Structures are given as C-alpha cells and as structure tokens.
Amino acid sequence: MNSHASHPKILPATPESIRLAGQALRDGKLIGLPTETVYGLAARGDQPDSVAKIFAAKQRPSTNPLILHVGDASAVHPLVVMDSAITRRRFEAASSLWPGPLTLVLPKSEAVLDCVTAGGNTVAVRVPAHPVALQLLREVSLPIAAPSANVSNYVSPTRPEHVTDGLADCIEWVLDGGVCDVGLESTVLSIADPNAPPTILREGVLSATKLESVFGEPVLSASSSNMELPHPPSDAPTASPGLHRRHYSPRTPLRLVRETEHASPANNDLRVLRIRLRGPANSLSGYADVWSLSAVGDPLEIANRLYETLRRADSGEFDQIEIDQMNVEDWIESGNANLIAAISDRLHRASNQDDAPLGR
Ligand code: TXA
Ligand code: MG
C-alpha cells in the first residue's frame with residue numbers, strides 16, 4: 001500500500017514547480033500542499049466548483065467546514081468581519097503566532113462561500129509556517145481551502161507519499177515539502193464571540209499558557225469529551241463539526257490499552273502490533289511486534305510520529321493494533337497539557353473498536 005517518493009505526482013518543491021502548482025490552483029485544480037502540521041488538499045477557496053472537488057475527493061460530508069489558508073495576516077481582512085474592538089485586539093494578538101499551527105475562527109464576510117463554511121456564519125483561517133506553502137500562497141494570492149489530504153476518517157498525512165497513497169487520482173501534484181515538523185493538525189481557536197473568552201475547539205501543539213500570554217486573558221479549552229457533544233452548547237460560536245469519533249482511524253482494528261498492560265492470551269492467534277508511547281521498543285513479549293513512538297517520552301516526538309506510525313501499522317501486516325492510551329495525569333510532568341490532550345484526543349479518535357476504553 002505504501003508508495004515511495006518517486007511517485008510521478010510528487011514534485012520536488014522548486015520555484016518552477018511552485019509556479020506550476022499556483023497555476024493549477026488558479027485553474028481550479030487540486031494539489032497536495034505541505035504545511036508544518038499535516039499535508040493539505042488544496043483548492044482555490046473562492047470558487048464553488050473547486051471547493052466541491054475537495055469534498056468529492058475526500059468523500060467529506062458537506063456539513064464539515066474548511067480552513068482558508070492565506071500568505072499573511074493582512075489577507076484575512078477581506079474574509080472576516082471584526083466589528084468589535086475586542087475581536088480586533090484578539091486578532092492582532094493571535095496573528096503574532098502566524099505563520100504557525102493556529103487556525104482562527106471569526107465571523108465571516110460576504111466574500112466567503114457558504115460551501116466553505118458549511119453554511120455557518122463563521123470562517124476558519126490560517127497562515128501556515130511552511131516555506132513552500134507560504135511561497136505558494138503569496139504567489140497565488142487567493143484564499144486556499146485545504147483540509148488534511150486524507151480520505152475522510154482516515155489518518156492525516158505527514159509525508160507527500162501519504163497524499164498520493166489515498167488521493168493520487170484527484171490531485172495534479174503534491175509538492176514535496178518533506179516530513180511535517182509538527183505532525184498533528186493545527187489548534188483551532190474561536191475568537192468569533194467578543195463576549196466569550198477565546199475558545200480552543202480543537203487541541204493542537206500550542207499550549208494554553210502560550211495563548212494566554214499572547215492574549216493577556218484566559219483561554220477556554222473545550223476538552224475532547226466536550227467537543228464530542230452531539231449538541232454544542234447554544235452559546236458556542238460554532239462547534240467543530242469534524243470532531244466526531246473515529247476520525248483518524250486506520251483500517252486495522254485498533255484498541256487503546258493501558259501503558260502497563262501486557263499482551264493478552266487471547267491475542268495468540270492474531271498478529272498483534274503493540275505501539276508504545278514511550279520507552280524501549282520490543283520490550284514486551286506476546287506481540288508480533290512492539291514499536292515505540294518516543295524512547296525518551298517526548299510528547300512533541302510522539303505527536304510528530306503518530307500518524308506516520310499509524311499508517312505503517314496499517315500496511316496489512318497486522319491483524320490488530322494495540323496502542324497505549326495517554327492518560328493526562330500520567331503525563332502532567334511533561335509540560336504542555338494541551339499537547340497531551342491533543343494526542344490523547346487523536347488516539348481516541350483513531351481507536352475503532354467499541355470496547356476501546358474511553359478517556360475522559
Ligand atoms: O493543520 C491543519 O489545520 C490542517 C492543515 C492542512 O492546515 N488542516 C486541517 O483541516 O486539519 P481539516 O479540514 O482536516 O480540519 C479542519 C477543522 C475541522 O475540525 C473543522 O470542523 C474545523 O476545523 N472548522 C473549520 N471551519 C470551522 C468553523 N467555521 N468553525 C469551527 N470549526 C471549523
Ligand atoms: Mg482532517
């Protein structure tokens with residue numbers, strides 16, 4: 001299933017290929033876009049036909065809105081309405097973190113298509129911190145809609161070949177931007193409601209401490225369980241409709257287990273892969289193989305390797321995957337509680353067995 005970097009649709013990122021990709025976008029075509037978080041499936045965001053191609057390629061429900069990517073913060077102004085001084089101040093503060101792994105949700109302007117926002121009155125915007133993405137966005141100077149470049153509900157892509165693995169037929173090319181630095185999707189933060197605190201809708205690598213120091217005010221973290229409420233609180237600016245369970249799952253049955261749990265005898269007839277979050281690989285018996293995401297237990301390294309590892313684990317070699325759950329209280333000392341929550345959240349979404357223990 002895994003292809004290799006020599007796929008004909010993987011283009012080395014040169015000024016010429018970036019120009020070609022820019023032309024393809026202007027022509028309404030889809031391309032694979034490297035960002036620092038995950039690869040995006042990009043199309044111009046100002047034309048319904050090109051936006052429709054994204055939803056078709058991903059088999060994404062039209063109820064799940066897209067992020068518009070732009071080359072710098074000033075390009076956001078035509079896309080949003082900031083008629084409150086509080087919102088303008090928050091936007092100025094938050095945009096100091098751009099380019100970066102932060103998506104801001106704001107009231108949308110008339111310029112933004114309903115198909116981008118899934119009919120909602122807010123829009124998600126981001127300036128990604130990847131040199132190739134920035135060059136391309138600045139060259140096309142159009143808002144570029146880009147969800148993660150995976151078929152809906154599959155694992156997000158962190159390498160160019162992950163994009164061609166699932167979506168080769170839908171894209172013109174994917175620009176080779178190497179392995180994504182972060183490896184986990186951006187933090188989605190709503191500043192749409194001036195009467196509510198800035199609110200994290202999807203956890204990512206940014207810590208609340210960092211955000212609070214930038215805003216100079218408290219930031220609300222919707223916990224992953226809150227985000228999964230079928231009915232969002234009525235005062236929520238917008239729920240993140242993409243945040244349902246089973247959102248990032250491999251095809252192979254995947255179960256979350258306690259870090260201390262050993263192979264169960266029931267595994268005997270199955271080729272079970274155990275993925276540990278930390279510690280040495282191959283340190284448990286009774287498994288077909290044991291991998292470790294981070295020998296030293298560094299959450300940034302775990303985040304960085306998670307999706308790639310899930311894709312490798314899903315190559316067909318194993319009948320079942322068991323992966324350690326990340327209990328927040330066991331990881332408190334490692335620092336960034338938001339990143340821990342982000343990883344824990346993605347692990348729960350990746351688990352696709354009904355008996356998977358559910359975290360808080
Ligand atoms: O890191 C990322 O954000 C990557 C790269 C490519 O930029 N993109 C990404 O896009 O993860 P996607 O479509 O896979 O996830 C976007 C998330 C979804 O959970 C979606 O529901 C939420 O952002 N979202 C988009 N527009 C929204 C809005 N107006 N209000 C609330 N949530 C929104
Ligand atoms: Mg996605």
Side-chain angles (χ1 to χ4, degrees), residues 31-43 45 51 54-55 57-70 79-80 98-109 112-130 132-134 136-137 143-158 162-163 166-167 174-175 177 180-193 199-206 222 224 227-228 232 236-249 303 307 342 345-346 349-350:
I31 65 142
L33 177 74
T35 85
E36 82 281 31
T37 55
V38 298
Y39 275 73
L41 179 66
V51 173
I54 292 179
F55 284 96
K58 278 185 65 93
Q59 299 158 41
R60 180 175 173 114
S62 60
T63 50
N64 192 359
L66 302 175
I67 300 172
L68 291 178
H69 296 68
V70 290
L79 306 173
V80 301
W98 280 342
L102 174 67
T103 294
L104 291 177
V105 173
L106 283 154
K108 82 172 195 79
S109 77
V112 177
L113 297 172
D114 282 340
C115 56
V116 166
T117 66
N121 52 16
T122 60
V123 63
V125 290
R126 169 163 122 82
V127 181
H130 190 292
V132 175
L134 284 176
L136 181 62
L137 291 167
I144 296 298
S148 52
N150 52 279
V151 172
S152 270
N153 300 334
Y154 196 60
V155 181
S156 292
T158 57
H162 294 165
V163 181
L167 295 167
V174 48
L175 291 172
C180 298
D181 275 351
V182 175
L184 217 57
E185 299 85 348
S186 61
T187 300
V188 179
L189 180 87
S190 175
I191 51 169
D193 181 356
T199 303
I200 296 174
L201 301 178
R202 178 176 72 183
E203 295 283 4
V205 74
L206 289 175
S224 58
M227 288 193 288
E228 286 169 11
T238 314
S240 262
L243 292 172
H244 48 75
R245 251 176 76 72
R246 298 194 181 187
H247 194 61
Y248 304 94
S249 330
Y307 289 150
D345 168 59
R346 300 321 191 272
R349 290 172 205 291

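All ligand and atom numbering here is 1-based and tracks the order in the structure. On a predicted model such as this, the values are computed, not experimentally measured, just so you know. Quick note: numbers below take in every heavy atom, side chains included, and nothing from hydrogens, waters or symmetry partners.
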Within-cut-off N or O pair, Tyr39 and ligand 1, under 3.5 Å: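 So ligand 1 has no N or O lying under 3.5 Å from an N or O of Tyr39.
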
Geometric N/O contact Lys58 with ligand 1, under 3.5 angstrom: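 It does not: no N or O of Lys58 is found under 3.5 Å from an N or O of ligand 1.
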
Can you list the atoms of ligand 1 that are under 4.0 Å from a heavy atom of [X]?
X      : result
Ala124 : 25 (C), 26 (N), 27 (C), 29 (N)
Glu185 : 1 (O), 11 (O)
Ser186 : 1 (O), 2 (C), 3 (O)
Ala146 : 6 (C), 8 (N), 10 (O)
Val105 : 30 (N), 31 (C)
Val38  : 4 (C), 6 (C)
Ser148 : 8 (N), 9 (C), 10 (O), 12 (P), 14 (O)
Gly40  : 6 (C)

Shortest non-hydrogen contact from Ala145 toward Leu66: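 Smallest interatomic distance, heavy atoms only, reads CB-CD1, 3.9 Å.
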
Nearest non-hydrogen partners of Val182 and Thr37, listed with the distance: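 For Val182 and Thr37, the tightest heavy-atom pair comes out as CB-CA, 4.0 Å.
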
Ser148 N/O/S atom closer than 2.8 Å to the Mg ion (ligand 2):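 Checking Ser148: at least one N, O or S atom is under 2.8 Å.
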
Thr117 contact mode with ligand 1 (heavy-atom cut-off under 4.0 Å):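 The answer is neither; Thr117 stays 4.0 Å or more away.
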
Non-hydrogen atom of Lys108 closer than 4.0 Å to ligand 1: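 No, that is not the case, since the closest heavy atom of the residue is not under 4.0 Å from the ligand.
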
Single hit among Val151, Leu41, Asn153 for side-chain contact (heavy atoms from CB on, under 4.5 Å) with Lys58: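 Result: among Val151, Leu41, Asn153, Leu41 is the only option passing the side-chain contact (heavy atoms from CB on, under 4.5 Å) with Lys58.
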
From CG (Leu106) to CG (Leu189), nearest 0.5 Å: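 These two atoms lie 9.0 Å from each other.
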
Candidate pair Tyr39 and Asn150, rule side chain to side chain contact (heavy atoms under 4.5 Å, CB included), full reasoning: CA-CA 9 Å; Tyr39 275 73; Asn150 52 279; over 6 Å; no

Ser148-Glu185 side chain donor-acceptor pair, cut-off 3.5 Å: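 Side-chain D/A pair, Ser148 to Glu185: absent.
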
Set of side chain to side chain contact (heavy atoms under 4.5 Å, CB included) partners for Leu113, sequence neighbours left out: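 Leu113 satisfies side chain to side chain contact (heavy atoms under 4.5 Å, CB included) with Pro48, Val51, Cys115, Val116 once adjacent residues are dropped.
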
Residue pairs, two or more places apart or on separate chains, that pass salt bridge (charged side-chain N to carboxylate O under 4.0 Å, His left out) and touch residues 114-126: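 For residues 114-126, and leaving out neighbouring residues, the salt bridge (charged side-chain N to carboxylate O under 4.0 Å, His left out) pairs sorted by first residue read Glu36-Arg126, Lys108-Asp114.
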
Worked check of side chain to side chain donor-acceptor pair (under 3.5 Å) between Thr103 and Ser186: CA-CA 6 Å; Thr103 294; Ser186 61; 2.8 Å; yes

